[in-house]
Amino acid sequence: MGLTTVLVALMAGFGLAVYTGLGLVRHLHDGATAGAGGTTDPVDLHPLLRLPGSIYLAAGGDLLRLRGDGVTAVLNHDGSRRWMQPAVAADGSVVVVARSAESSDLYRSAADGGGLQRLTDDAAAPLHGGSLERNHWAFHPRAGADGRLWYSYDAPKAGFRVDLAVWSRPAANAVATRWSSPVGYTGGDVEPVPLPSGGVVYARYVIGAGSEIRSQLWLQTGPRDPGHALTTTDDDCSQPDLAPGGGTLAMVCTQGGQGARVEVVSFDGRTLGTPRVLAAGSLCAFPTWAPDGSALAYLAPAPGGGDFTLWWLAGAAGATPSGPRQVLEGVALDATSRPAWAP
Amino acid sequence: MLVAVLVIVGFTASGLAGAVAYFLPVLATSLGATGQSVVGSLGNRSPSDHDPFTVLLLGSDDDAKFVPGHLLTQSMILVRVEPATGHVTMLSIPRDLYVPISTGGSAKIDTAYANGGAATAIATVEQDFKVQIDHYVWIGLRGLVNLIDRLGGVDVVTTNPVLDDFYPADLAGGDPYAFERVAVMPGAQHMSGLVAMEYVRSRHDDLREDFGRSERQQQVLLALRTKAHTVGLADLPDIASALKGEILTDMSLRDVADLMPIASGLSLDKVARVLLLPPYTSDASVDGQAVLQPDWDRIHARVAKSFP
């Protein structure tokens with residue numbers, strides 16, 4: 001009787017073990033496959049490489065700062081705001097987007113996230129019948145060397161048309177100027193990069209020859225200048241960044257496909273030279289020059305198709321750049337937010 | 001001897017019970033969601049046969065605005081897969097295409113599913129496009145969101161910023177006629193199910209209207225293929241639970257399992273994506289409603305080439 005009881009208990013335990021084991025297999029499998037969380041607390045992140053300066057990164061609605069051997073969260077998301085798309089100003093302050101459900105605003109903070117100051121007010125007054133479209137989006141801030149703030153902003157709007165245009169406003173003046181007139185119903189003009197000459201380069205979305213939407217790098221010398229394309233619609237380039245010194249642009253080009261590669265190209269202020277491909281075979285995003293122009297950082301999935309993380313290309317401006325090296329692991333970075341690299 | 005046999009049988013039965021309990025959700029879902037019999041002429045060539053086969057993908061808005069059982073198809077994509085070569089062709093059929101419906105009369109093709117379910121949608125596509133359809137998959141709004149989330153999201157290079165001030169706020173459970181604002185950023189990114197849904201469903205701020213949306217749907221579909229290798233047998237119960245009632249197909253679980261390695265092995269340079277832009281279609285008005293008029297001669301020539 002005693003042996004029978006033990007055997008029955010063992011059988012029941014075996015059945016439970018099979019059930020639990022199958023669940024464990026799934027759990028381990030989930031852990032091994034990437035893309036669904038499993039990220040590390042920023043304080044426990046340690047870079048695989050030590051890079052100079054500070055790099056601001058967005059992850060899960062928080063703004064992180066990679067400096068030396070550690071990562072800290074300088075701004076944490078809350079119930080209504082998620083931080084993204086940081087940019088570093090000449091005085092070391094950080095301009096960043098706070099995205100809410102139906103609008104986004106630009107904020108400025110000190111390097112450590114303190115002294116937060118709101119720069120735009122894009123949320124409409126409490127909703128009452130049909131006022132949803134009175135909200136606005138502000139994205140892709142950049143701070144010029146002269147203190148001018150550049151960004152993309154969804155005005156003017158009309159009916160179903162909501163396209164981003166490039167705007168700027170002087171440091172000591174809250175009156176903004178619209179620089180670009182986007183092609184309607186394409187999403188518009190984004191990612192402005194101020195030039196030392198006073199002009200701006202940005203990504204413009206246009207309709208290509210085959211009725212497809214493509215992006216082109218576009219140059220404008222002033223707000224009334226219609227500007228001209230620097231790249232072709234076939235190249236489908238966007239996300240420009242100008243190297244310190246102004247002679248080289250980094251960008252992402254897709255050729256209209258589902259691959260995105262990092263290219264660099266010489267820039268004489270009016271035209272581009274012949275581009276060189278520095279990273280391909282992955283989904284690359286937002287190549288960003290080091291403050292001294294010697295290297296590029298960019299975002300791409302971790303090996304094996306994992307979360308987007310930070311990569312580094314030494315010698316990117318030279319004739320023989322090194323191969324890409326992974327900088328962080330265990331963090332899922334927001335690939336729609338350019339890394340902002342401060343000295 | 002008898003005791004030994006009883007002990008072995010007992011442990012086997014216990015282990016089987018544990019496995020059955022674990023896979024119960026997928027078994028229940030497989031009975032409800034797969035192996036759907038369809039009145040019509042499904043070819044039923046199986047992925048395991050290694051012969052080319054076709055799948056009609058149907059997507060519907062199935063929120064509270066719509067009557068269950070009478071759903072329009074917002075998305076209709078005919079896919080042909082050649083397992084031997086890895087070549088894939090995706091043909092997006094515009095929802096506003098004005099066509100003869102298999103059950104009689106002419107209407108926008110998105111009404112075929114509403115007037116007879118998958119059988120009518122399949123028969124209409126087969127009749128009008130002169131193709132053989134082997135399988136179909138229908139998915140609802142929450143099904144797509146849940147599927148992508150269960151797979152850990154998808155990595156997509158979005159074509160352009162997708163901004164919409166009049167995006168339907170119909171998944172939150174409130175007023176199904178309410179709107180919300182969405183903004184999907186351009187470029188390479190990791191998307192949750194909800195963001196992917198916004199990307200493939202938004203249509204107001206796209207000069208190409210439904211064609212733009214079709215192109216985005218094809219992009220996300222291709223991105224999903226890279227997740228196929230991450231799905232194992234042990235994942236099926238969770239996925240089945242997440243999708244219960246939100247996905248319907250005639251394919252068996254065996255067919256789905258056979259499809260996974262084919263999908264994960266697909267190379268982008270072997271994927272042909274077809275949109276029926278002008279001159280294949282042209283804007284027209286029928287009884288006061290805006291439709292797309294097909295140029296059947298051109299379409300049949302194109303389809304015969306891609307779907308032999």
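These numbers were taken from a predicted model, which means no experiment stands behind them. Here is how names work: the chains are called A, B, and so on, in the same order as the sequence lines, proteins then strands, and each is numbered from 1.
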task: Against chain A, label B:F179 side chain, backbone, both or neither, depending on which of its atoms sit under 4.5 Å from a heavy atom there.
output: both

- request: Could you check which of B:V184, B:D155, B:L207 has the highest count of heavy-atom pairs closer than 4.5 Å to chain A?
  value: B:L207

query: Which bit of A:V252 is near chain B, if near means a heavy-atom gap under 4.5 Å: side chain, backbone, both or neither?
result: neither

query: How many angstroms lie between atom CG of A:L299 and atom NE2 of B:H190, to the nearest 0.5 angstrom?
result: 14.0 Å

- request: Report the distance from atom CG of B:D269 to atom CD of A:Q258, rounding to the nearest 0.5 Å.
  value: 13.5 Å

message: Does any backbone or side-chain atom of A:S238 lie under 4.5 Å from a heavy atom of chain B? Answer side chain, backbone, both or neither.
response: neither

query: So which part of B:P278 gets closer than 4.5 Å to some heavy atom of chain A, the side chain, the backbone, both or neither?
result: neither

statement: Honestly, the part of A:F139 sitting under 4.5 Å from a heavy atom of chain B is side chain

message: To the closest 0.5 Å, what do you measure between CD1 (A:I213) and OG1 (B:T159)?
response: 7.0 Å

Salt-bridge criterion met for A:K157 and B:D165 (N-O under 4.0 Å): yes

- line: Cut-off 4.5 Å, heavy atoms of chain B, and the answer for A:A101 is backbone

task: Considering non-hydrogen atoms only, spot the tightest contact between A:V190 and B:P161 and give its length.
output: CG1-CG, 4.0 Å

query: Considering all heavy atoms of both residues, which atom of A:G187 and which atom of B:N160 are nearest to each other, and what is their separation?
result: N-ND2, 4.4 Å

- request: Taking all heavy atoms of B:A188 and all of A:A285, pick out the closest pair and write down the distance.
  value: O-CB, 4.2 Å

message: Closer than 3.5 angstrom, by distance alone: can the side chain of B:Q189 be matched with the main-chain N or O of A:A335 as a donor-acceptor pair?
response: no

message: Show the nearest heavy-atom pair for residues A:W137 and B:A183, with the distance to one decimal.
response: CE2-CB, 3.5 Å

- request: Could you check if a side-chain atom of A:F160 sits within less than 4.5 angstrom of a side-chain atom of B:R203, using non-hydrogen atoms only?
  value: no

query: If you count heavy-atom pairs under 4.5 Å with chain B, which of A:H140, A:E212, A:R99, A:R214 comes out on top?
result: A:R99

message: Please report the interatomic distance OH(A:Y185) to CD(B:E209), rounded to the nearest 0.5 Å.
response: 9.0 Å

- prompt: What part of A:L333 gets closer than 4.5 Å to chain B, counting heavy atoms only: side chain, backbone, both or neither?
  reply: neither

task: Kindly indicate whether the side chain of A:E191, heavy atoms from C-beta on, has any atom under 4.5 Å from the side chain of B:P186.
output: yes

Exam field: side chain B:D205 to backbone A:R161, donor-acceptor pair closer than 3.5 Å: no

field: For B:L277 against A:G210, the heavy-atom pair lying closest together
entry: CD1-O, 3.9 Å

task: May I ask you to decide whether A:D154 forms a salt bridge with B:R181, counting only side-chain N to carboxylate O separations under 4.0 Å?
output: yes

statement: When the 4.5 angstrom heavy-atom criterion is applied to A:Q239 and chain B, the contacting part is side chain

query: With A:V162, which of B:L163, B:D164, B:V182 fulfils side-chain contact (heavy atoms from CB on, under 4.5 Å)?
result: B:L163

message: How long is the straight-line distance from OG1 of A:T336 back to CE of B:M191, given to the nearest 0.5 Å?
response: 10.0 Å

